[in-house]
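Notes to accompany the following structure.
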Amino acid sequence: MKHQHKVPFGMMGIFLAIGIVYGDIGTSPLYVMKAIVNGMPDGLRASPDYIIGAISCIIWTLTLQTTIKYVVVTLRADNKGEGGILSLFALIRKKYRWAYVFAMIGAATLLADGIITPAITVISSVEGLNVLVPSIPVIPVTLAIILALFLIQPLGTARLGKPFGRIMFLWFTMIGILGLLAYFQYPLIIKAFNPIYAIKVLIEAPDAFIILGAVFLCTTGAEALYSDLGHCGLHNIRVSWVYVKLTLILNYLGQGAWIISHPDKIVTDINPFFSIMPGWFSFIGVTMATLAAIIASQALISGSFTIISEAISLDLWPNIKIKYPTEVKGQMFIPQVNYSLMILCTLIVIAFGSSSNMEAAYGLSITITMLMTTFLLFIYFQLKEVSLFVSIPLTAFFISLEGSFFIANMFKFTHGGWATLLIAGCIFAIMYVWYNGRRIKNHCSTYEPIAPTIECLQEITEDESIPKFATHLVYVTRAKYPDEMESKIVYSLINKQPKRADTYWFVYLHRSDEPYHFKYSVKTFVPQKMFRLDIYSGFKQGVHMDKFIHLICKEMEETGQVDLLSRYPSLRERNIEGDFRFVVVERIARNLQLSAIKKTLLLLYYLIKKCSTSDTQILDLDPSVVTLEYVPLKSTPPLDKKENV
């Protein structure tokens with residue numbers, strides 16, 4: 001069960017990073033300059049000073065936000081090689097549990113951004129095709145691509161992933177060359193590297209915040225740099241970013257040069273990205289844009305699966321079934337998430353109708369994600385005892401930068417930005433209710449010393465007047481301490497219906513903050529008869545309780561700690577293993593003495609739980625060997641220091 005999760009540095013790793021990490025940020029030239037031009041007053045859309053200033057804003061946003069914050073600083077905060085806002089929270093949660101609010105807000109807004117990004121990316125590329133072939137209906141074709149993309153997810157995308165790197169490398173090479181060729185139409189655009197022009201346009205432009213909101217679209221994919229750290233490796237991402245950033249800047253410079261040199265062609269909804277292409281190359285360029293859009297969308301869908309998987313492991317999201325359609329580690333499929341995203345993306349395309357309308361709504365939620373990452377990063381600095389003389393100025397700088405983008409994007413709220421915030425708000429509400437409702441429920445759980453129960457069970461095993469329940473009886477417990485047992489399990493074993501078995505197993509699952517960690521320990525209460533297993537499984541490992549237990553039992557049998565053969569002579573002489581029976585005990589809330597807020601949270605928690613996947617499915621147990629029982633949940637005094645939450 002031991003995993004080595006390290007992506008080697010080399011050309012293959014660099015191509016992998018280009019194919020996986022840069023889909024979102026790499027397709028941003030499709031709509032950034034278009035959004036900037038549309039945000040300027042009619043008489044200033046081709047103004048050299050304003051265009052140079054806008055390009056300067058883009059260059060320095062890519063430098064300060066993407067390069068310095070993410071590539072240089074944030075990528076260093078890795079969790080055993082894994083990145084992303086939830087991996088960052090996993091690093092600090094033991095000491096700073098209260099930071100879960102930042103993690104929830106960041107994850108919720110990141111998921112909301114993942115809904116609109118495929119829509120705007122795909123529709124932008126299809127609009128380019130529509131310019132070449134006006135008879136092509138934009139909305140139906142966009143919907144067809146998006147629906148096809150979501151519907152192939154159950155098949156797994158391992159084979160699709162292999163050519164992604166090569167296609168995206170060709171994409172970046174293409175946009176870099178196109179930008180370089182267009183650059184010579186107005187070489188003075190090179191002045192955009194001077195930050196003075198960025199400052200000047202933000203001071204003088206009449207709609208500076210609208211321009212700043214459009215500029216921010218160039219860095220919306222920066223969070224993906226961090227989230228995909230585990231898939232691609234630190235050095236591969238850093239080296240590939242040098243090439244990616246170069247081609248992006250060349251393309252933005254080329255678009256700016258074309259706009260300044262063709263003032264007569266600058267009309268509403270003109271897309272400079274497609275306009276800089278030579279006529280003979282347009283079809284190739286549009287085809288490449290469509291492929292890049294599909295790859296970017298696939299990366300965001302896979303990223304959404306990863307976020308939800310991590311949130312489940314960190315108790316921030318309800319238990320839902322995760323499938324693994326291929327043998328590729330880390331590749332997963334979550335049906336509920338996939339089809340929810342598909343429906344929401346479809347509604348976004350139908351509701352907004354064009355990339356121009358989506359640009360007005362895009363970017364608001366991801367600015368909040370970036371701010372939350374900054375807050376968590378500051379807490380991480382404190383955990384690592386980074387000097388306050390370094391951490392405070394660095395954090396203050398990023399907050400001021402991202403705060404400016406947030407204020408600029410708030411102007412989009414009434415133009416559609418409310419949609420992503422509404423979605424993010426719903427996701428956050430589910431996370432908050434689940435996390436706190438579960439803590440309230442666990443707080444109401446009572447625990448008692450296990451020794452008296454063990455003594456009673458020893459007598460039950462010898463009492464043949466009690467019908468035999470199973471050869472091996474397994475309970476999954478939430479008691480952290482081996483000398484304790486949940487009252488609900490004691491009630492199920494002894495009071496509700498005495499359960500006689502040959503071997504009793506009490507299993508506790510530790511969800512490790514290390515992504516692919518796996519180990520176990522065994523405590524023997526009665527030799528050959530009663531055991532406690534403590535299983536440590538990484539938050540990206542998945543839960544396969546049936547598989548884990550059988551693997552451990554086999555190893556214990558080899559060392560003579562347990563006898564797995566059936567106790568029935570007719571079966572034992574044929575070396576047939578004894579049966580395993582799992583008992584899942586659910587608690588029902590009745591007549592609890594709680595505050596109104598806690599009662600409401602607990603009520604909503606149980607409502608969400610009914611809609612989520614059952615414990616049997618989550619633990620990956622065979623339903624045919626599972627017995628489900630219900631016991632009442634009782635109020636308890638305030639938590640003490642031995643909290644079993």
When rounded to the nearest 0.5 angstrom, what is the spacing between CD1 in Ile145 and SG in Cys345?
13.0 Å

Backbone N/O of Leu421 and side chain of Ser365: donor-acceptor pair under 3.5 Å:
no

Distance-only, no hydrogens or angles: does the Thr373 side chain make a donor-acceptor pair with backbone N or O of Ile85 under 3.5 Å?
no

Show every ring pair (Phe, Tyr, Trp, His ring centres under 6.0 Å) that has at least one partner inside residues 262-282, sequence neighbours left out.
Trp171-Phe273, Trp258-His262

Residue pair Gln298 / Ser302, side-chain donor-acceptor N/O under 3.5 Å:
yes

Ala182 and Ala257: which non-hydrogen atoms are nearest, and at how many Å?
O-CB, 3.4 Å

Any heavy-atom pair between the side chains of Lys69 and Thr374 that's under 4.5 Å?
yes

Phe172/Met168 under side chain to side chain contact (heavy atoms under 4.5 Å, CB included): CA gap, chis, key distance, verdict:
CA-CA 6 Å; Phe172 284 115; Met168 290 306 292; 3.9 Å; yes

Which value, rounded to the nearest 0.5 Å, describes the distance between Ile116 atom CD1 and Ile366 atom CD1?
11.5 Å

Do side-chain atoms of Lys245 reach the backbone of Thr67 as a donor and acceptor pair under 3.5 angstrom?
no

Tell me if the centroids of the rings in Phe169 and Tyr243 come within less than 6.0 Å of each other.
yes

Going from CG on Leu364 to OG1 on Thr420, what distance comes out if it is rounded to the nearest 0.5 angstrom?
5.0 Å

What distance separates Thr61 OG1 from Tyr252 OH, expressed to the nearest 0.5 Å?
10.0 Å

I need the minimum non-hydrogen distance between Leu188 and Ile52, along with the two atoms involved.
O-CD1, 4.0 Å

For Ile36 and Leu217: C-alpha separation, side-chain torsions, deciding distance, then whether side chain to side chain contact (heavy atoms under 4.5 Å, CB included) applies.
CA-CA 10 Å; Ile36 289 172; Leu217 300 180; over 6 Å; no

Before you tell me yes or no, could you show the steps for Glu310 and Thr306 under side chain to side chain donor-acceptor pair (under 3.5 Å), namely the whole-Å CA-CA distance, both residues' side-chain angles and the distance that decides it to 0.1 Å?
CA-CA 6 Å; Glu310 292 177 359; Thr306 301; 5.9 Å; no

Salt bridge present between Glu127 and Lys34 (N-O < 4.0 angstrom):
yes

Looking at every non-hydrogen atom in both residues, tell me the closest pair between Gly165 and Ile18 and how far apart they are.
O-CG2, 4.1 Å

Identified ring-ring contact (aromatic ring centres under 6.0 Å, His included) partner of Phe209 from the options Phe216, Phe405, Phe411:
Phe411

Side chain Thr66, main chain Thr63, donor-acceptor under 3.5 Å:
no

For residues Arg238 and Val71, report the shortest heavy-atom separation together with the two atoms involved.
NE-O, 2.8 Å

Exam field: side chain Ser125 to backbone Val122, donor-acceptor pair closer than 3.5 Å:
yes

In sequence, state the C-alpha distance, the side-chain angles, and the governing distance for Asn409 and Lys412, and then conclude on side chain to side chain donor-acceptor pair (under 3.5 Å).
CA-CA 5 Å; Asn409 279 298; Lys412 300 179 179 181; 3.0 Å; yes

I need the Leu62 CG to Trp241 CH2 distance, nearest 0.5 Å.
5.0 Å

Tightest non-hydrogen contact, residues Leu248 and Pro29, listed as CD2-CG, 3.6 Å

Heavy-atom distance under 4.5 Å between the side chains of Trp418 and Thr414, does that happen here?
no

Between Tyr70 and Tyr226, how do the two ring planes meet: parallel, tilted or perpendicular, split at 30° and 60°?
tilted

When you measure from the side chain of Thr121 to the backbone of Thr117, do you find a donor-acceptor pair of N or O atoms at a distance under 3.5 Å?
yes

Does the side chain of Ile294 reach to within under 4.5 Å of the side chain of Leu149, using non-hydrogen atoms?
yes

So, do Leu170 and Met288 sit near enough that their side-chain heavy atoms are less than 4.5 Å apart?
yes

Picking from Leu110, Ile105, Leu88, Thr109, what satisfies side-chain contact (heavy atoms from CB on, under 4.5 Å) with Met372?
Ile105

Could you walk me through whether Trp317 and Ile307 pass the side chain to side chain contact (heavy atoms under 4.5 Å, CB included) test, one step at a time?
CA-CA 10 Å; Trp317 190 261; Ile307 292 169; over 6 Å; no

With heavy-atom distances below 4.5 Å as the criterion, would you say the side chains of Ile139 and Ile123 are in contact?
yes

Kindly check if the number of other-residue, nucleotide or ligand heavy atoms within 6.0 Å of OH (Tyr339) is above 12?
yes

Is any side-chain heavy atom of Val201 less than 4.5 Å from a side-chain heavy atom of Asp49?
no

Under 3.5 Å donor-acceptor, Ser240 side chain and Ile237 backbone:
yes

Side-chain H-bond candidate by donor/acceptor type, Lys200 with Ser56, under 3.5 Å:
no

Under 3.5 Å, is there a donor-acceptor pair between the Glu204 and Tyr50 side chains?
no

Should Val244 and Val21 count as side-chain neighbours, where that means a heavy-atom distance under 4.5 Å?
no

For the pair Ser28 (side chain) and Ile25 (backbone), establish whether a donor and an acceptor sit closer than 3.5 Å, ignoring hydrogens and angles.
yes

Measure across Ala293 and Thr27 and return the closest heavy-atom pair with its distance rounded to 0.1 Å.
N-CG2, 4.1 Å

Check step by step if side chain to side chain contact (heavy atoms under 4.5 Å, CB included) holds for Tyr380 and Leu91.
CA-CA 8 Å; Tyr380 174 76; Leu91 284 170; 3.7 Å; yes

Backbone N or O of Ala90 within a donor-acceptor pair of the Asn79 side chain at under 3.5 Å?
no

Would you say Leu212 and Ile407 make side-chain contact, with heavy atoms under 4.5 Å?
no

Between the CD1 atom in Ile51 and the CD1 atom in Ile266, the distance rounded to the nearest 0.5 Å is 7.5 Å

